[in-house]
Amino acid sequence: MPAQREMKEKNPWHMPVTIIISVIGVIAIVALVTVAVLQNKPLHQKYKYGIVLDAGSSHTALYIYQWPAEKDNNTGRVEQTHSCKVKGKGISSYAADPWGAGESLTVCMQEAKQQVPVKRHHETPLYLGATAGMRLLNMENSSASDKVFEAVEQALQRFPFSYQGARILSGQEEGAFGWVTVNYLDDRLEQGLETTGALDLGGASTQISFVSDKYDGSESPSNSVTFRLYGNDYNLYTHSFLCYGKDQALRMALAYQTQLGPRTISDPCFHQGYNVSKEYSELYNSPCVSDRKPNGPPVTFNHQGMGNFQQCQEVVKRIFNLTSCKYSQCSFNGVFQPLLQGPFGAFSAYYFVMNFLNLTDTSTPLETVKDKLTQYCATSWAQIRLEHPNVKTKYLAEYCFSGTYILTLLTEGYNFTSESYSNINFIKKIKGSDAGWTLGYMLNLTNMIPAEAPDSPLLPHTGYVSIVTVMALLLFLLFILSLRPLWLRCSKRPQIV
Ligand SMILES: O=c1[nH]cnc2c1ncn2[C@@H]1O[C@H](COP(=O)(O)OP(=O)(O)O)[C@@H](O)[C@H]1O
Ligand SMILES: [Ca+2]
């Protein structure tokens, strides 16, 4: 077989040294790529968790957040994974039964136990923040508010999480953390982009927070909050109006109409045909209106609807003091407010109300929005109930008032104009997380937003792997080319025949 022998001798692969070098080369390259891929591959994602209870005036909600375990103090994204609405009213309504407040939280806390992996329970921080309902109760009856906190604290400590305390947030904190949440979720802080203002409407208070270039904080220091986040300084204007949440605002509007203690009030903010007997003692049972209580009123009054947006707006305007201002400019009640600037996210009750009324599209001219609300308010109560059989009667009865209140607060109160109205976005969630103060509160307490911008890796993981692969291929090519001379030499060797 001379031909076969010739083939074997010409082929350099049959030379033992060449074969060994080739195999080692290939193994080395495969090993290089494998190590590069494995070393830099994100590990099977492990998460850390945090729980915040938002004890609002109308109800309590529990939020669970998660973030990648290995990145907790800089670049890891924190996102909401679960929320639970506590059944019943807010904790401030349990003044006469403080233990009931603690009990009310247990169903959602059980749910949290199921949601957070057992091995993370002990390291999961748990916070409870109370807002305007508890602010009012604390003003009215501080020992009752202490008892509610005591009961809530005991109930929460029964769970295996790392309990970090329950407290009342100041209005300033509520506004500022709402602003942090919105801008964090929009990635505006990390990227140093222009920020979005935050408008939060609750049941007992309302907040406005935004950055205004012309505002340095000196004119009204109590409205100023400064932050250094990801290497940028922010000088935030924020104000919380206690009693100007939509439930307390409704009380104030009613109180103006019942100041003389009539048996019947004809209310333009409720639909025609609405006629409900209400108690004076219940209406005036709040520090927001208690000083307006008529002398010796009857026990009850008939609350009758008239369904007139224009007149309702006149009634609502009366709860704002638009005249006194000792600063260069004010919103209302003599509160300083710099020039409005930039886009605004309006959430919580702003969203619930405007969404129900189909008025979340702010590219609709303000005049058209008012026309639609005029029509809605003029619809009879019977018709409204017929059209929305599944909506809670209390909410349904109040949407005409609530919509009118929102438009009046925004335009007369905060000075939004027909032009700047379109800068408002009515939002509920951003990228799956609810807009509200809770996320910002937790980010702050866990130091999860660094003051300075974190060092970012030179290349993202995919870039790194691609470069290593290309380099390995090049090496392989070079290696093959380096074998060429050997090859040629072998093929030119004198034939042994
Ligand atoms: O589905 C809804 N439709 C209308 N209003 C709603 C709905 N869900 C919640 N709300 C209202 O949103 C407001 C939430 O206020 P919250 O309880 O947070 O009070 P706070 O922030 O003043 O303490 C309340 O006025 C509540 O009635
Ligand atoms: Ca709230």
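The ring pair (Phe, Tyr, Trp, His ring centres under 6.0 Å) test applied to Phe336 returns Tyr215, Tyr327, not counting sequence neighbours. Under the ring pair (Phe, Tyr, Trp, His ring centres under 6.0 Å) criterion, Phe347 pairs with no residue, sequence neighbours left out. Not counting sequence neighbours, the partners of Lys428 by the salt bridge (Lys or Arg N to Asp or Glu O under 4.0 Å) test are Asp434. Partners of Glu103 under the side-chain hydrogen bond (donor to acceptor under 3.5 Å, both in side chains) rule, at least two apart in sequence or in another chain, do not exist in this structure. Partners of Trp179 under the ring pair (Phe, Tyr, Trp, His ring centres under 6.0 Å) rule, at least two apart in sequence or in another chain, are Phe227, Tyr234. Partners of Asp146 by salt bridge (Lys or Arg N to Asp or Glu O under 4.0 Å), not counting sequence neighbours: none found. Looking at residues two or more places apart in sequence or on another chain, you find no salt bridge (Lys or Arg N to Asp or Glu O under 4.0 Å) involving Arg263. Residues that satisfy the ring pair (Phe, Tyr, Trp, His ring centres under 6.0 Å) test with Tyr49, not counting sequence neighbours, are absent from this structure. Shown here are the side chain to side chain contact (heavy atoms under 4.5 Å, CB included) partners of Ala101, two or more places apart in sequence or in another chain: Ile91, Tyr94, Val148, Val152.
Judged by distance alone, the side chain of Arg135 and the main-chain N or O of Leu169 form a donor-acceptor pair under 3.5 Å. Put simply, the side chain of Asn183 gets close to the backbone of Thr196: a donor and an acceptor are under 3.5 Å apart. Although no hydrogens or angles enter the test, the distance criterion places a donor-acceptor pair under 3.5 Å between the side chain of Glu219 and the main chain of Ser328. The backbone N or O of Ala198 sits nowhere less than 3.5 Å from a side-chain atom of Gln207 that would complete a donor-acceptor pair. Although no hydrogens or angles enter the test, the distance criterion places no donor-acceptor pair under 3.5 Å between the side chain of Arg188 and the main chain of Gln191. Side-chain atoms of Gln164 come within 3.5 Å of backbone atoms of Ser162 as a donor-acceptor pair (strictly under, hydrogens ignored). At distances below 3.5 Å, at least one donor-acceptor pair connects side-chain atoms of Ser348 with backbone N or O atoms of Leu201.
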Determine, stepwise, if the pair Ser433 / Tyr65 fulfils side chain to side chain donor-acceptor pair (under 3.5 Å). CA-CA 9 Å; Ser433 301; Tyr65 299 103; over 6 Å; no
Test log, rule salt bridge (Lys or Arg N to Asp or Glu O under 4.0 Å), inputs Glu150 and Lys147: CA-CA 5 Å; Glu150 212 176 293; Lys147 284 192 183 114; over 6 Å; no
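The cationic atom of Arg77 (NZ for Lys, CZ for Arg) lies less than 6.0 Å from the six-membered ring centre of Tyr184 and within 45° of the ring axis. Both tests pass for Arg292 against the ring of Tyr256: distance under 6.0 Å to the centre and angle within 45° of the axis.
The environment of NZ in Lys113 is sparse: at most 12 heavy-atom neighbours from other residues, nucleotides or ligands sit within 6.0 Å.
For the atom pair OG1 (Thr181) and CG (Asp186), the distance works out to 11.0 Å, reported to the nearest 0.5 Å. Note that the CG atom of Asp213 and the CD atom of Gln341 stand 4.0 Å from one another [nearest 0.5 Å]. Note that the CD1 atom of Ile208 and the CG atom of Leu340 stand 5.5 Å from one another [nearest 0.5 Å]. Here the straight-line distance linking atom CZ of Arg228 with atom CD1 of Ile449 works out to 13.5 Å at 0.5 Å rounding. Residue Gln172 holds its CD atom at 7.5 Å from CG of Asn223, rounded to the nearest 0.5 Å.
The two residues Gly50 and Met442 have their closest heavy-atom pair at CA-SD, 3.7 Å.
Applying the ring-ring contact (aromatic ring centres under 6.0 Å, His included) rule to pairs touching residues 350-371 yields Phe356-His388, Phe356-Tyr399, sequence neighbours excluded.
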Throw together a table of side-chain donor-acceptor distances under 3.5 angstrom for residues 268-277, partners on residues two or more places apart or in other chains.
residue: His271; atom: ND1; partner: Cys377; partner atom: O; Å: 3.4
residue: His271; atom: ND1; partner: Thr379; partner atom: O; Å: 2.9
residue: Tyr274; atom: OH; partner: Lys278; partner atom: NZ; Å: 3.1

Taking distance alone, no hydrogens or angles, what donor-acceptor pairs closer than 3.5 Å link side-chain atoms of residues 402-411 to residues at least two apart or in another chain?
residue: Ser402; atom: OG; partner: Glu398; partner atom: O; Å: 2.9
residue: Thr404; atom: OG1; partner: Cys400; partner atom: O; Å: 2.7
residue: Tyr405; atom: OH; partner: Tyr244; partner atom: O; Å: 2.6
residue: Thr408; atom: OG1; partner: Gln313; partner atom: NE2; Å: 3.3
residue: Thr408; atom: OG1; partner: Thr404; partner atom: O; Å: 2.6
residue: Thr411; atom: OG1; partner: Leu407; partner atom: O; Å: 2.7

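Tested against Phe344 for a ring pair (Phe, Tyr, Trp, His ring centres under 6.0 Å), the candidates Phe210, Tyr414, Phe426, Tyr421 yield a single pass: Phe210. A side chain to side chain contact (heavy atoms under 4.5 Å, CB included) with His82 is found for one member of Gln66, Gln114, Glu111 and no other, namely Glu111.
For Tyr237 and His239, the ring centers are positioned 6.0 Å apart or more.
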